[in-house]
Amino acid sequence: MRVATWNINGVKARLENLLHWLEEETAPDVVCLQEIKSVDEQFPRMEIESLGYHVETHGQKGFNGVAILSKLRFDEATRGLPGEESDAQSRFIEGVFSVDGGVIRVVSAYMPNGNPLGTEKFTYKIAWMERLQAWAEARVALEEPLVLAGDYNIIPHPIDARNIQDWLGDALYQPQSRAALRRLEALGLTECVRAVTDAAETYTFWDYQAGAWQKNNGIRIDHILLSPEAADRFSAASIDKRVRAWEKPSDHVPVIAELDFHAPH
DNA sequence: ATGGTTGCTTTGCAA
């Protein structure tokens, strides 16, 4: 099973791009999308279903919004991160799929950006990550395969930015933000890309502004974390930076993990 | 060099 996460930055603006990517021979079995910027009713469901994907969305008007596309049929789909009933932002959807030997859970999450510092946006970012931690603790306790994929809006280490000095005052690189990711990993979750390489310049985001792509001024903020039961079946990870050079690209590119799970017979 | 670009809710906001 190939699982990908991709912040699409507007699914309606990016539909041609997305369909072309899904039509490739290497297209993933499960695709976690973030920033669909669409209500569920306007999500281009039929175009994607016609390529053999099942579709579950958790959108909202104008911004945020997440979705999971899957060649496997959903056993369940759950919307929203528990722990704060008043939170109206659509940032979390969990799908459950039957595979050989049991089930696998896959989450598409769009973690808050948190900028600028010193505002309620940063407070919300940290509080959201604390809610995610509580959720993840309960899920890890199930001892099931779990894929926690998304735009974390966190730069883990200095090597994950071309110019880390540029990010010292940014919410994506604050000690509290980095600690939130470290605490998830401390539960026993494996971060796929760093599990297979310590190479630099493994970026997943290049700003539209100031020629960031042309200068390779990128950062690595999109991640796939695996529970131990999923990590046992993990064989490879990659970043598909080709799509950043396509016409009308998202500012993010897909991260992909290979897992040795198969549809039940 | 406090700029630059993109998508949506548009003449502002979020990223």
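Chain letters run A, B, ... following the sequence lines, proteins first, then strands; residues in each count from 1. No experiment lies behind these values; they were computed from the predicted model shown.
Summarising the geometry, the separation between CD1 on A:Ile36 and C1' on B:dG7 is reported as 14 Å, rounded to the nearest angstrom. Spacing between atom NZ of A:Lys248 and atom C1' of B:dG7 amounts to 8 Å, rounded to whole angstrom units. Atom CG in A:Asn217 sits roughly 14 Å away from atom C1' in B:dG3 (whole-Å rounding). Following rounding to the nearest Å, A:Lys215 (NZ) and B:dA1 (C1') show an atom-to-atom distance of 10 Å.
Between B:dG7 and B:dT2, the distance separating the two C1' atoms is 23 Å to the nearest Å. Nucleotides B:dT6 and B:dA1 place their P atoms 25 Å apart, quoted to the nearest Å. Spacing of P atoms, B:dG4 relative to B:dC8, comes out at 22 Å, to the nearest Å. Spacing between B:dT5 and B:dT10 at atom P, rounded to whole Å, works out to 23 Å.
Applying the ring pair (Phe, Tyr, Trp, His ring centres under 6.0 Å) test to pairs two or more places apart or on separate chains, those with a residue in residues 33-78 of chain A are A:Phe74-A:Phe97. Pairs passing the ring pair (Phe, Tyr, Trp, His ring centres under 6.0 Å) check and including a residue from residues 212-244 of chain A, sequence neighbours excluded, read A:Tyr152-A:His223, A:Trp206-A:Trp213.
With sequence neighbours left out, A:Asp29 forms a side chain to side chain donor-acceptor pair (under 3.5 Å) with no residue at all. In this view, A:Tyr173 and A:Arg178 satisfy the side chain to side chain donor-acceptor pair (under 3.5 Å) rule, not counting sequence neighbours. Under the rule for a side chain to side chain donor-acceptor pair (under 3.5 Å), the partners of A:Asn9 that lie at least two apart in sequence or sit in another chain are A:Lys37, A:Tyr208.
A sub-4.0 Å separation between OP1 or OP2 of B:dG7 and a side-chain N or O of A:Arg14 is present.
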Nucleotide N/O of nucleotides 11-15 of chain B paired with protein N/O under 3.5 Å:
{"residue": "B:dA14", "atom": "OP2", "partner": "A:Lys121", "partner atom": "NZ", "Å": "3.4"}
{"residue": "B:dA14", "atom": "O5'", "partner": "A:Lys121", "partner atom": "NZ", "Å": "3.1"}

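Looking at A:Asp222 and A:Asn7, their side chains never bring a donor and an acceptor atom within 3.5 Å of each other.
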